[in-house]
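Order of the sequence lines fixes the chain letters, A, B, ..., with proteins taken first and strands second; residue numbering starts at 1 for each chain.
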Amino acid sequence: MARILVVDDNEDILDSTASLLQLRGHTVETLLRAGEVLDALRRDPPDLLLQDCHMPGLDLPALIRSIRAQPGLRDLSILLFTASTDAGELWSAVGANGLVWKPFEAAELQRAIDKCLAGKATLAHH
Amino acid sequence: MAKLSSHWLEAPETSKGHDPRTSAPQLLSIIQSLPDVIFRCEKRADGKIYWTLNEGRLAEEFHLTTDAIKDKPLEALFPPETAARLLPEFERAFRGEGREFTNELFGRHFKHYPQPVFGPDGKVVAVIGFISEVTSLVLAEQSIKKLNAELSENVDELAAANRELDAFSASVSHDLRTPLTAIDSHAQVLQEAEGPRLTDTGRRSLEKVRTAVKQMNLLIQEILQLSRSTSAPLAKAPVDLGSLARTLAMDLPQPPPGRSVEWVIAHGLVADADPQLIRAVLQNLLGNAWKYSSKREHARIEVGKAVEDGHTVYFVRDNGVGFDMKDAPGLFRAFSRLPSSAVGFEGTGIGLATVKRIVQRHGGRVWAKGSVGRGATFYFTL
């Protein structure tokens, strides 16, 4: 069981994803705004960040760079999830640990989380 | 151009009597009937150029026949700007280097073919040649240039429109998937959290919601692919279609127990194609072959090539449900699915439209042969 911070600007996706993760025994925090991610991570570092790729005001490479620049967050597992087809090559380029395509199968998401936490880069979609 | 003898007009009826081929009046009447001008000019002691022959219908039209211009030098015959264009060209010919040139007179265009005539001492004694009107050619050339300029402008506009469309499709597909994800995730929450409390009808409904979500997600994916197959720039490279087909075959679902799929993929299927786009072609054709043979106990899918009329033809063949040849014309139309064979198979009706667009962009052709219950073969050239 892991502590997971889920970040997405769509409230429906945020709520349902959190529920699916809680049903699997994870402890979940959610955030709707990209600008609050870094502070939240610094305040209370989770085991894994599940981060949407396209949010208002989000510069994903910059966010990941600033996360990696934090001493306590250098090795944080970052799993991206996206509704965009073009993100296939993005995730490893920006320094994330995996990518899940929306819409996703809860079991797929769980597998991707497991792989991320086990330190293996992962690409999953249903 | 064949060299004319310098003597043919000056020594017409000599020893051989009246050979009609060398009879001056006869030759002259032939020349006068030509639409062009045939000329001969010399330099006189004053250093100016004078005509000893200038005949043909054009000469007549401009009142520049031999008799009319006798004893008038070049400078006296033409408007100053025309003379200024002609003089250096004729001077060049008199130096022994005749070359073709075009000049304009009263909005019309004339091509000159001057040639020096050398005397026994190797000096130029005269310049002979002919003049043709090329106005219609020049005008056609000008309009082709204009059309080409307009065309390349249109191509630029089209490319910009395609880029815009591509960005639009990407953004629409992202925005469509977002609510779809919310529906699917909430449906999964319901399934997992409330499943036990639902009736069978409720659980079945939920399954149907999720199946519809998957179908719509596939549709979004394929619309995006169709749009990209038009707008993506074509970058050709040698592609081994055989090994690509083997990779794609491995991505397809394993057949359930009791059912087998035999893949027969030829070697040496290297083609010059855009790797990304041709991948979409094979993905669609193999996916179809897999899908429509999925009700066979022993499905057989073959990828190979043949030579037809000297052209390499690639094919994907299956032993599935096939189709009625009368439905063949509609096969490659977007959103059109076959009435006879589509029953019981999921599909969007976009895959083959994408295949056709990509093949056409490679300058190739795609067609299909099949019969109901006896499989289908899709052929394409690149």
Side-chain angles (χ1 to χ4, degrees), chain A residues 1 4 6-26 28 30 32-34 50-58 60 79-91 99-113 123-126, chain B residues 163 165-197 206-207 209-229 231-232 251-253 275-276 279-280 283 346 350 354:
Chain A
M1 299 319 111
I4 300 173
V6 187
V7 185
D8 199 306
D9 59 317
N10 182 295
E11 215 166 340
D12 287 325
I13 294 178
L14 201 58
D15 285 352
S16 51
T17 305
S19 300
L20 288 170
L21 293 173
Q22 280 157 351
L23 282 164
R24 281 162 178 73
H26 299 293
V28 182
T30 59
L32 267 169
R33 273 179 288 275
L50 181 57
Q51 170 71 50
D52 179 33
C53 290
H54 297 278
M55 294 176 70
L58 170 66
L60 187 65
L79 182 59
L80 302 177
F81 70 158
T82 181
S84 157
T85 311
D86 299 325
E89 281 139 30
L90 173 91
W91 65 278
L99 175 72
V100 172
W101 268 287
K102 296 176 191 171
F104 54 86
E105 204 69 49
E108 282 292 337
L109 179 62
Q110 180 59 55
R111 268 196 290 281
I113 289 170
L123 195 60
H125 58 102
H126 81 245
Chain B
R163 278 194 298 276
L165 187 66
D166 195 25
F168 175 74
S169 316
S171 142
V172 165
S173 64
H174 173 270
D175 292 355
L176 286 175
R177 277 200 197 101
T178 298
L180 211 52
T181 304
I183 295 169
D184 195 45
S185 299
H186 276 295
Q188 289 183 75
V189 173
L190 259 181
Q191 265 181 337
E192 292 186 16
E194 310 292 333
R197 265 181 280 176
L206 215 44
E207 270 309 321
V209 168
R210 298 208 55 214
T211 305
V213 165
K214 286 195 183 78
Q215 184 66 14
M216 182 157 168
N217 192 36
L218 185 68
L219 186 63
I220 293 167
Q221 184 69 34
E222 292 189 349
I223 289 174
L224 190 62
Q225 194 179 58
L226 179 65
S227 147
R228 297 239 158 118
S229 66
S231 60
D251 286 346
L252 286 164
Q276 287 304 316
R279 184 191 173 87
Q283 204 165 26
E346 301 259 305
I350 298 177
T354 304

* Residue pairs involving residues 11-20 of chain A (criterion salt bridge (charged side-chain N to carboxylate O under 4.0 Å, His left out); sequence neighbours excluded) -> none
* CA sep, side-chain torsions, deciding dist, call: A:Leu20, B:Glu192, side-chain contact (heavy atoms from CB on, under 4.5 Å) -> CA-CA 8 Å; A:Leu20 288 170; B:Glu192 292 186 16; 3.8 Å; yes
* **Sole candidate of B:Leu190, B:Thr181, B:Asp184, B:Val189 that passes side chain to side chain contact (heavy atoms under 4.5 Å, CB included) when paired with A:Ser16** => B:Val189
* Are side-chain heavy atoms of A:Glu105 and B:Lys214 found at a separation under 4.5 Å? -> yes
* Pairs of heavy atoms under 4.5 Å with chain A: top-ranked of B:Ala182, B:Ser173, B:Pro179 -> B:Ala182
* Asked: Side chain, backbone, both or neither: which part of B:Ala193 has a heavy atom under 4.5 Å from chain A?
  -> both
Between [atom1] of [X] and [atom2] of [Y], what distance do you get to the nearest 0.5 Å?
| X | Y | atom1 | atom2 | answer |
| --- | --- | --- | --- | --- |
| A:Ile13 | B:Ile183 | CD1 | CD1 | 10.0 Å |
| B:Arg177 | A:Thr82 | CZ | OG1 | 8.5 Å |
| A:Leu23 | B:Gln191 | CG | CD | 11.5 Å |

* State, to 0.1 Å, how close B:Gln188 and A:Ala106 come at their nearest heavy-atom pair, and which atoms those are. => OE1-N, 2.7 Å
